[in-house]
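By convention in this document, chain letters (A, B, ...) are assigned in the order of the sequence lines, proteins followed by strands, and residues within each chain are numbered from 1. Computed from a predicted model, the values in this text were never measured in an experiment.
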Amino acid sequence: MPELPEVETVARDLQRWVAGATIAGAEVRWARTIRHPQPPERFVAEIAGATIRRVDRRAKTVLFHLEDGRVMTVALRMTGALIVAPAGTADDPYARVVFDLADGRQLRYRDVRKFGRIGLWPGGGLRSVGAGRGARSRRVADGTRRYRIGEVFSGHGPEPLSRSFTAERFAERLQRRSAKLKTLLLDQAFVAGVGNIYADEALWRARLHPLRAADTLDPRDVRRLHRAVRQVLREGIANRGASFSDYVDARGQQGDNQERLAVYRRTDQPCYRCGHRIERIVVGQRSTHFCPRCQREPVASVEP
DNA sequence: ACGCCTACCTGCTTGC
DNA sequence: TGCAAGCAGGTAGGCG
């Protein structure tokens, strides 16, 4: 999906363009986009008439704070996009949910692969939006899952761009883990918002091998990684995100950050630092790009 | 905690 | 040209 910088770009655009707008009605064209346990019909009935007070982001989820205190969450996953379409714009065959705004515009949730999810939550208790193993749910009689607010909204790790995300705090978290750096950076419960692109970019910038175990970093490694994570995310935002096939902002425009990436999808091309060929390996079933010269292999334990 | 697997979906690229 | 395989920025849930 769009990662933190892409979601931040979309949320900022939407704050500018739809804060204050009223949702007159909605049409759900792909039912499963509406997050369980919300039946799509109830979602449509409950969102109608709502006014958007503010739009922001937590991790990779866009949050629409409504005037009445409720929150609509939009997790874009792999190919989701939120696009504001002026009145009269041609329909989009990939629009899975269409919100008609009272002023005639449409807010369209477009999602080619249909992985994204939209939820509507009561006010209060909203801290973060469910993240993998951290989020808790329980099975109910019919075998489906029911989420409780405060459990669903409690699974994310720290926001890497927040003031409270210090190198010291990052060091503490890293020291307690023996997992590979690449895997950890992708773990939303460890740090929120980093995805495959920015994980690879941050590791290249910090000159750290993706397979390196977190608890083997020395304090200087940690500081470099901390700085690198924040830098690549901030630069991604400054460039309005990285577009490969699907990511677009709220106007439907591509970002520029794909032009500035050092390793992601640059397999066999020269490293911008040392000229060595960029390599691609698979870590945790995700493609991983790095420079084998700049990002030295972790020391392998040698059998006697 | 960790790693691995499957599932969810469609479209594009690559190789034969 | 046609067709199949492989690939894609994410995450939930199950198993060991």
*Asks:* Indicate whether OP1 or OP2 belonging to dG3(B) is found under 4.0 Å from a side-chain N or O atom of K180(A).
*Replies:*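 Answer is yes, contact under 4.0 Å.
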*Asks:* Using the P atom as the point on both nucleotides, what is the distance between dG9(C) and dT13(B), in whole Å?
*Replies:*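 Result for the P pair: 15 Å, nearest Å.
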*Asks:* Starting at atom CD of Q258(A), determine the distance to atom C1' of dA8(C), rounded to an integer number of angstrom.
*Replies:*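 After rounding, the gap between these two atoms is 15 Å.
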*Asks:* What I want to find out is whether R224(A) reaches D221(A) closely enough, with some N-O distance under 4.0 Å, to be called a salt bridge.
*Replies:*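 Yes.
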*Asks:* Measuring from L4(A):CG to I197(A):CD1, what's the distance to the nearest 0.5 Å?
*Replies:*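 Going from the CG atom of L4(A) to the CD1 atom of I197(A) covers 12.0 Å.
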*Asks:* Does the side chain of D215(A) come under 3.5 Å of the side chain of S178(A) through a donor N or O and an acceptor N or O?
*Replies:*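 The answer is no; no qualifying pair exists.
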*Asks:* How many whole angstroms separate atom CZ of R265(A) from atom P of dC7(C)?
*Replies:*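 So the CZ-P distance, R265(A) to dC7(C), works out to 12 Å.
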*Asks:* Taking the P atom of each, how far is dC9(B) from dC3(C), in whole Å?
*Replies:*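 My reading of the P atoms in dC9(B) and dC3(C) gives 26 Å.
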*Asks:* Would you call R220(A) and D218(A) a salt bridge, using N to O less than 4.0 angstrom?
*Replies:*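 No.
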*Asks:* Distance check needed: dG10(C) C1' versus D246(A) CG, whole Å only.
*Replies:*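 These atoms are roughly 13 Å apart.
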*Asks:* May I have the distance from K182(A) (atom NZ) to dC4(B) (atom P), rounded to whole angstrom?
*Replies:*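 To the nearest whole Å, that distance equals 14 Å.
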*Asks:* How would you label the contact of D111(A) with the nucleic acid (heavy atoms, under 4.0 Å): base, sugar-phosphate, or nothing?
*Replies:*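 Counting heavy atoms under 4.0 Å across all strands, no contact is made by D111(A).
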*Asks:* Can you tell me the distance, in whole Å, between the CG atom of D187(A) and the C1' atom of dG3(B)?
*Replies:*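 Between C1' of dG3(B) and CG of D187(A): 12 Å.
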*Asks:* Looking at dG9(C), I'd like to know if its phosphate oxygens (OP1 or OP2) sit under 4.0 Å from a side-chain N or O belonging to K60(A).
*Replies:*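 For K60(A), the contact criterion (side-chain N or O under 4.0 Å from OP1 or OP2 of dG9(C)) is not met.
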*Asks:* According to a strict under-4.0 Å criterion, is Q188(A) in side-chain N/O contact with OP1 or OP2 of dG10(C)?
*Replies:*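 No, because none of the side-chain N or O atoms of Q188(A) sits under 4.0 Å from OP1 or OP2 of dG10(C).
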*Asks:* Kindly say if R280(A) contacts the phosphate of dG6(C), meaning a side-chain N or O under 4.0 Å from OP1 or OP2.
*Replies:*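 For dG6(C), OP1/OP2 do not have a side-chain N/O of R280(A) under 4.0 Å.
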*Asks:* Do R70(A)'s NZ or CZ and the ring of F64(A) fall within the cation-pi criteria of under 6.0 Å and 45°?
*Replies:*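 Geometry flag: not set, cation outside 6.0 Å or 45°.
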*Asks:* Which letters describe nucleotides 7-14 of chain B, given B = protein heavy atom under 4.0 Å from base, S = only from sugar-phosphate, - = neither?
*Replies:* -BBBS---
*Asks:* For F190(A) and dG3(B), what is the distance between atoms CZ and P respectively, to the nearest whole Å?
*Replies:*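 Between P of dG3(B) and CZ of F190(A): 13 Å.
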*Asks:* What's the NE2-C1' distance between H156(A) and dA12(C), to the nearest Å?
*Replies:*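 From H156(A) NE2 to dA12(C) C1': 12 Å.
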*Asks:* Stems involving DNA chain B: give each as a range paired with a range, ordered by first number, where a stem means at least three consecutive Watson-Crick or G-U wobble pairs under 3.5 Å.
*Replies:*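 So the stems come out as B:2-8 with C:10-16, B:10-16 with C:2-8.
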*Asks:* Do the charged groups of D92(A) and R110(A) touch, with an N to O distance under 4.0 Å?
*Replies:*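 Looking at D92(A) and R110(A), the cut-off is met.
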*Asks:* Rounded to whole angstroms, how far apart are CZ on R286(A) and C1' on dT11(C)?
*Replies:*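 To the nearest whole Å, that distance equals 9 Å.
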*Asks:* Hey, is E27(A) close enough to R29(A) for a salt bridge, meaning N to O under 4.0 Å?
*Replies:*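 Salt bridge flag = yes for R29(A) with E27(A).
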*Asks:* Check every strand shown and say whether Y264(A) touches a base, only sugar-phosphate, or nothing at a heavy-atom separation below 4.0 Å.
*Replies:*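 Here Y264(A) touches the backbone only, sparing every base.
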*Asks:* Not counting sequence neighbours, which residues clear side-chain hydrogen bond (donor to acceptor under 3.5 Å, both in side chains) with R12(A)? List them please.
*Replies:*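 R12(A) satisfies side-chain hydrogen bond (donor to acceptor under 3.5 Å, both in side chains) with E8(A) once adjacent residues are dropped.
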*Asks:* Between F244(A), F290(A), W204(A), which is the residue that forms a ring-ring contact (aromatic ring centres under 6.0 Å, His included) with Y264(A)?
*Replies:*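 Exactly one candidate clears the test, F244(A).
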*Asks:* Is the distance from OP1 or OP2 of dG9(C) to the nearest side-chain N or O of S287(A) less than 4.0 Å?
*Replies:*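 True: S287(A) side-chain N/O within range (under 4.0 Å) of dG9(C) OP1/OP2.
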*Asks:* Which residue lies toward the 5' end of DNA chain B, R176(A) or Q285(A), if each is placed at its nearest nucleotide?
*Replies:*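 Mapping each residue to its closest nucleotide by heavy atoms, the 5'-most match is R176(A).
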*Asks:* Classify the side-chain pair R108(A)/Q106(A) by whether it contains a donor and acceptor separated by less than 3.5 Å.
*Replies:*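 The criterion, which ignores hydrogens and geometry beyond distance, is satisfied for Q106(A) and R108(A).
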